[in-house]
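Below, read A as the first sequence line, B as the second, and so on, with proteins coming before strands; counting in each chain starts at 1.
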Number of protein chains: 2
Amino acid sequence: MEQGSRYDQPGQTRPGGRTARVRAAVLRAAGDALAEHGFDRLDLADVARRAGVGRTTVYRRWATPAGLVADLLVEMATESLPRTESGSLLDDLRANARLVCRTLADPRQGPLFKAVIAAATADEDAAAALRRFYATRIAEWAPCVEQAVARGELPSGTDPHEVVAAVSAPLYYRLLASGDPLDEAAADRAAAAAAAAARAGAFVSP
Amino acid sequence: MEQGSRYDQPGQTRPGGRTARVRAAVLRAAGDALAEHGFDRLDLADVARRAGVGRTTVYRRWATPAGLVADLLVEMATESLPRTESGSLLDDLRANARLVCRTLADPRQGPLFKAVIAAATADEDAAAALRRFYATRIAEWAPCVEQAVARGELPSGTDPHEVVAAVSAPLYYRLLASGDPLDEAAADRAAAAAAAAARAGAFVSP
DNA sequence: TCATTAACGGGACTACAGTCCCTTTAGTGC
DNA sequence: GCACTAAAGGGACTGTAGTCCCGTTAATGA
């Protein structure tokens, strides 16, 4: 139950130089390994080898594959993506959809996202980290919906979180479930559908 | 490479009684184990024990956890769900959304779906089986969109597959990514959004 | 610059998932 | 009902992921 009881949470009390360097190298290596083999074949010994770090160190600091993914997601959540502002809801949502789509179609990022989502189905800590990651990403794009409401493009009371999530959802559905292609047409359709639904008041919260 | 070369594909040449009984028991047990522990903790020895079947049998016929999930998905695809027909697109889509939502929120089915999706991220056979599963489910509900087009409720050229997928997508996004609640309000919002987007012509294929 | 100690690293050890070989059981066709 | 054999079952074996112990390295603070 009590986590890290034997080792008193390494990486906390002496965060100078080496500790941070090891963490960065391991998280980088973990991302590579996840993108290449997926979550279920994530081998901590392999990650240690790639990172040029002792096997024991990885087991000591992260304990399980899922714990490593959870920490990787914390790191990923801090890497903010650039957001455009066009003055039109549809253009903003399309820019978001294309960005998400390019990410999921990317040869490294696509498999990586599949892997972290698989990890989140297996471990509550990873799931919590994944939820925080998406909450962060969605919050970054919420302003364009708020501005559309302010401009009168959308009914007041529209939930920005719901609208932004509605853009991503069909793209993730393609990635994980249907296998339909993740091309620009799919992105534009996702943006158009979310915008149309928002204009019709489908995301007005009670 | 060549699958089952050593054992000449058991279950094929003599499908009478016992073979089918063993398959049914193992798939049932696999579903239980997946729902309880998730894909990454799926232990074929445990499945064999639950099914009251020899450990060797499970390894011989399905070889890997992912192979077992792939076969389970083939079985799940044959289990058709009842579809209502109300004469109104929104009502039909809402019925679909609520059905999907109840399934994903169900204490057994929800974790089971998480697990098979995790398996599909790890194995191409499981992924192909999952795609067939969703293609089957979506095709079952496509007629209600076709009828809406015929009634003039939707623009002609609307892609039924896209509309039905648009209903499910936000619910799966909640299950796997955002962690937002899977309640009836979420289902109704998903249906309303898909219907509004479809009416606006967002799913007209080129 | 030097003592202190947090964190890293190597390598032996352990436990268990997955394989293999051989025996037993039960569908199939006469 | 009986011979034939496909498929299931038991149990020993093996490879490897994960643990543990203890020596080494390098941040920290005086």
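Distance, H37(A) NE2 to dA17(D) P: 12 Å, rounded to whole Å. Note: CZ (R49(B)) to P (dC16(C)) measures 11 Å, nearest angstrom. If you measure from atom CG of L42(A) to atom C1' of dT16(D), you get 15 Å, rounded to the nearest angstrom. Look at CH2 on W62(B): it is 15 Å from P on dG18(C), rounded to the nearest Å. The separation between D40(B) atom CG and dA17(D) atom P is 15 Å, rounded to whole Å. Going from atom CG of D43(B) over to atom C1' of dA17(C) covers 7 Å, rounded to whole Å. One atom, CG of L68(A), and another, P of dG18(D), lie 12 Å apart when rounded to the nearest Å. Taking atom CZ of R41(A) as the reference point, atom P of dT16(D) lies 15 Å away to the nearest angstrom.
In this structure R102(A) satisfies the side-chain hydrogen bond (donor to acceptor under 3.5 Å, both in side chains) test with no other residue, sequence neighbours excluded. The salt bridge (charged side-chain N to carboxylate O under 4.0 Å, His left out) test applied to E85(B) returns R83(B), not counting sequence neighbours. Evaluation of the salt bridge (charged side-chain N to carboxylate O under 4.0 Å, His left out) rule for E36(B) yields R50(B) as partners, not counting sequence neighbours. Residues passing the salt bridge (charged side-chain N to carboxylate O under 4.0 Å, His left out) test with E75(B) are R23(B), sequence neighbours excluded. Shown here are the salt bridge (charged side-chain N to carboxylate O under 4.0 Å, His left out) partners of R41(B), two or more places apart in sequence or in another chain: there are none.
For Y59(B), counting side-chain heavy atoms from C-beta on, the closest listed nucleotide (dG9(D), dG18(C), dC8(C)) is dG18(C).
The list of ring pair (Phe, Tyr, Trp, His ring centres under 6.0 Å) pairs with a residue in residues 33-85 of chain B, not counting sequence neighbours, is empty.
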May I have the list of side-chain donor-acceptor pairs in residues 91-99 of chain A shorter than 3.5 Å, sequence neighbours left out?
from	atom 1	to	atom 2	distance (Å)
D91(A)	OD1	R94(A)	NH2	2.7
D92(A)	OD1	S86(A)	N	2.9
D92(A)	OD1	S86(A)	OG	2.8
R98(A)	NE	D188(A)	OD1	2.9
R98(A)	NH2	D188(A)	OD1	3.3
R98(A)	NH2	D188(A)	OD2	2.9

Pairs of donor and acceptor atoms involving the side chains of residues 110-120 of chain A, under 3.5 Å and at least two apart or interchain, shall be tabulated with distances.
none

For residues 165-176 of chain B, run the donor-acceptor check on the side chains, cut-off 3.5 Å, and write out each pair with its distance to 0.1 Å, sequence neighbours left out.
from	atom 1	to	atom 2	distance (Å)
Y172(B)	OH	Y134(B)	OH	2.8
R174(B)	NH1	P181(B)	O	2.5
R174(B)	NH2	E162(A)	OE2	2.6

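Helix-axis bend for the helix from dT1(C)-dA30(D) to dC30(C)-dG1(D): the local axis fitted to the five terminal pairs at one end deviates from that at the other end by 50°, rounded to 10°.
Side chain of R132(A) to main chain of L73(A): no donor-acceptor pair is present (N/O by atom type, distance under 3.5 Å, no hydrogens or angles). At least one donor-acceptor pair under 3.5 Å links the side chain of R61(B) to the backbone N or O of T19(B).
With the nearest nucleotide of DNA chain C identified for both P65(B) and R21(B), P65(B) has the one nearer the 5' end.
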Could you pull out the protein-nucleic contacts involving nucleotides 10-12 of chain D (nitrogen or oxygen on both sides, under 3.5 Å)?
from	atom 1	to	atom 2	distance (Å)
dG10(D)	N7	T56(B)	OG1	3.3
dG10(D)	O6	T56(B)	OG1	3.1
dG11(D)	O6	T56(B)	OG1	3.2
dA12(D)	N6	R55(B)	NH2	3.1

Enumerate the protein-to-nucleotides 23-25 of chain C contacts in which both atoms are nitrogen or oxygen and the separation is below 3.5 Å.
from	atom 1	to	atom 2	distance (Å)
dT25(C)	O2	R18(B)	NH2	3.2

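Considering only side-chain N and O atoms, T57(B) lies under 4.0 angstrom from the phosphate OP1 or OP2 of dG9(D).
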